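Written out below as structure tokens is the structure these notes cover.
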Amino acid sequence: MTQYLLSVYQPDGPAPEPDVLAKIGDDLDTLNQEMVSAGAWVFSGGLCAPTTATVLRAQGGDVLVTDGPYTEGKEHLGGFTIVEAPDLDAALVWGRKLTRATTLPIEVRPFAHHGGAGD
């Protein structure tokens with residue numbers, strides 16, 4: 001089984017109306033429960049606004065600290081889910097369900113495998 005990162009990208013700006021947000025929350029709860037029941041769910045979480053980010057950059061022997069998002073853009077990473085799936089097609093099934101629940105774009109990417117004690 002491979003782990004896949006399902007990244008949720010949301011537009012910058014105000015949050016949806018409370019009733020819309022409540023439906024999205026309910027749909028996400030239902031989907032997360034489905035993933036848990038299927039044995040696919042590993043972890044998920046929503047992120048605070050990009051303005052709360054702190055960026056660290058190595059520069060020479062120093063580390064620079066900057067407030068704000070890593071990049072400026074019209075959308076940002078708003079949350080993510082990690083699933084285990086036998087292949088990309090199976091991970092895309094979860095990604096499709098997540099995009100329907102959130103109404104937002106979802107990027108599906110496998111985690112890289114690096115040789116080690118656990119492989």
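Just so we're clear, the structure is a prediction, and the values are computed from it rather than from any experiment.
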Heavy-atom nearest pair, Val42 first then Val83, reads CG2-C, 4.0 Å

So, for Gln3 and Glu84, which heavy atoms are closest and what is the spacing to 0.1 Å? NE2-OE2, 3.3 Å

Over all heavy atoms of both residues, which pair between Ala49 and Thr52 is shortest? Give the atoms and the distance, please. O-OG1, 2.6 Å

On a heavy-atom basis, the closest approach of Asn32 and Ser44 is ND2-OG, 3.9 Å

If two hydrophobic side chains count as joined below 4.5 Å and joins carry through other members, does Val36 share a cluster with Val8? yes

NZ/NE/NH1/NH2 to OD/OE distance under 4.0 Å, Asp19 and Lys23: no

Which value, rounded to the nearest 0.5 Å, describes the distance between His76 atom NE2 and Leu47 atom CG? 8.0 Å

Would you say Leu88 and Met35 are hydrophobically clustered, going by side-chain heavy atoms of ILVMFWY under 4.5 Å? yes

Would you say Tyr9 and Leu98 are hydrophobically clustered, going by side-chain heavy atoms of ILVMFWY under 4.5 Å? no

Are Val20 and Leu31 connected in the hydrophobic side-chain network, where two residues link if heavy atoms are under 4.5 Å apart? yes

Testing Val108, Ile106, Leu6, Asp87 for side chain to side chain contact (heavy atoms under 4.5 Å, CB included) with Leu92, which one passes? Val108

Side-chain contact test, heavy atoms from C-beta onward, threshold under 4.5 Å: evaluate it for Pro11 versus Leu104 and give yes or no. yes

If every non-hydrogen atom of Leu5 is compared with every non-hydrogen atom of Phe80, which pair is closest and at what distance? CD1-CB, 3.7 Å

Testing the basics here: between Trp94 and Ala40, what is the closest heavy-atom pair and its distance to 0.1 Å? NE1-CB, 3.5 Å

Are Gln10 and Glu75 close enough that some pair of their side-chain heavy atoms sits under 4.5 Å apart? no

CG of Leu56 to OG1 of Thr54: how many Å apart, nearest 0.5 Å? 7.0 Å

Check whether Phe111 and Phe43 end up in the same hydrophobic cluster, where Ile, Leu, Val, Met, Phe, Trp and Tyr are linked by side-chain heavy atoms less than 4.5 Å apart. yes

Close side-chain approach of Pro86 to Thr2, heavy-atom, < 4.5 Å: no

With heavy-atom distances below 4.5 Å as the criterion, would you say the side chains of Tyr4 and Ile82 are in contact? no

